[in-house]
Amino acid sequence: MTAITADRRDGITAGLALLPVAMRAMRGRLLDVAEGLGSGQWAGPSRCSAWTAHQVVRHVRDGCRIHVGALGRTPFWLFDKPFDNRVTPDEWLTPSDGESPAETVDALRRFSAEEAAALDARVATPENEIVGGPYGPVPWTILSTHVFWDAWLHERDLTQVTGGGGPSTPAEEALAATYSLFICSMAAILMGLEPYERTIGLVGQDRAYVATVRPGHVELRAARTVDGTDLRGALAEIVDSLAGRGPVPTDVLHGDPALVAPLAHIRDRLLPRPG
């Protein structure tokens, strides 16, 4: 696996070719999961306690639509006001209230195909264009990785309750972990925390990774072992926890709890989730 580097100024540099591969795999699996939901499951719960399965899929569809606009340099925004993670995701759902599951899946399939073509084109001729992101201006590659990470988490919000789906590919795991640690590292800058550097070992489904994290910068590479890293744990559990799902970070990042602190602020301060 190619190493991945995420930087707040330069965006995704090393490993950018993994992004369209991971996005296709995730979108295809999510569509399979959605198409397999029964009528009762669509209206039933997801891991996001405030959202039904249908609301989760509608949210992911809306994110995909916005991403298509950003990739094509024709920005689309559901509302003309700044993004606030505490309220905006719920407000985005209002226009599609009453939409049928079939309509949602059809739209997600259409936007996913447009996204794949647009993402291939952008990755083929990369440039460090700055675009509007949920938390301010970012390189376009960071926005695209944010969209991937958000949908990857929401797919787990569905499958952890409804079942279905399948294992993530190594490219998906690596990108989800890289972005999760990157957005945590940005909290150190936004909160004026002291500079730090951590090595974090992440154990995936069939391979391990080691990430080096400092404020606004993450480098991740495949590794034979996570021994000797400052912190370590199961990849999916760490990504979930840092985004507000399941146990707190000190329960899933094993090592000195004091070393976890700079990474844990994002859970409660920047990413309060419906569930």
Side-chain angles (χ1 to χ4, degrees), residues 21-67 78 85 88-113 115-116 146-177 179-180 202-206 233-248 251-252 267 271-275:
V21 175
M23 191 76 83
R24 275 191 174 86
M26 181 272 298
R27 295 292 190 203
R29 196 172 55 250
L30 178 59
L31 282 165
D32 287 343
V33 170
E35 289 172 343
L37 294 177
S39 57
Q41 289 177 307
W42 277 104
S46 71
R47 188 173 59 170
C48 283
S49 59
W51 284 356
T52 65
H54 193 187
Q55 287 172 312
V56 168
V57 180
R58 283 160 54 202
H59 169 79
V60 172
R61 183 272 317 279
D62 290 341
C64 187
R65 183 182 182 185
I66 290 168
H67 190 212
L78 284 162
N85 199 70
T88 303
D90 285 326
E91 291 177 341
W92 278 1
L93 294 173
T94 304
S96 60
D97 283 344
E99 183 177 277
S100 72
E103 290 173 321
T104 303
V105 172
D106 286 345
L108 178 58
R109 184 183 298 106
R110 182 174 70 255
F111 290 130
S112 294
E115 176 188 59
H146 175 95
V147 172
F148 163 79
W149 163 84
D150 184 74
W152 189 86
L153 279 167
H154 282 303
E155 182 210 352
R156 288 177 57 78
D157 289 338
L158 289 178
T159 59
Q160 296 294 301
V161 175
T162 65
S168 296
T169 63
E172 292 172 83
E173 282 192 331
L175 277 168
Y179 187 80
S180 176
L202 305 110
V203 179
Q205 293 170 110
D206 60 2
L235 184 148
E237 291 181 1
I238 291 170
V239 176
D240 280 348
S241 177
L242 294 175
R245 278 87 163 155
V248 296
D251 287 345
V252 298
R267 177 179 171 113
L271 292 172
R273 292 281 173 173

| According to the interplanar angle, ranging from 0 to 90°, do the rings of Y179 and H146 count as parallel (below 30°), tilted (30 to 60°) or perpendicular (above 60°)? | perpendicular
d(H154 NE2, C48 SG) to nearest 0.5 Å is 5.5 Å
Considering only heavy atoms from C-beta outward, does the side chain of L158 approach that of L30 to under 4.5 Å?
yes
Scanning both residues in full, the closest heavy-atom pair of A177 with L202 reads CB-CD2, 4.0 Å
Side chain proximity check, R58 to H54, heavy atoms < 4.5 angstrom: yes
Taking side chain as C-beta onward, heavy atoms only, is V252 less than 4.5 Å from D240?
no
d(L108 CG, R27 CZ) to nearest 0.5 Å is 6.5 Å
Nearest heavy-atom approach of E91 to P95 is O-CD, 3.6 Å
Legend entry - Donor-acceptor pair between T104 and E99 side chains, under 3.5 angstrom: yes
**Report entry** pair S168-R29: side-chain heavy atoms closer than 4.5 Å
**Finding:** yes
Item to check | Under 3.5 Å: donor-acceptor pair, side chain of S241, backbone of E237 | outcome: no
- Check the pair R109, D106 against salt bridge (charged side-chain N to carboxylate O under 4.0 Å, His left out), reporting the backbone distance first and the verdict last. CA-CA 5 Å; R109 184 183 298 106; D106 286 345; 3.1 Å; yes
Separation between CH2 (W51) and CG (D157), nearest 0.5 Å, reads 8.5 Å
Next item on the list: Please answer whether the main-chain N or O of D32 pairs with a side-chain N or O of E35 as donor and acceptor at a distance below 3.5 Å.
Entry: no
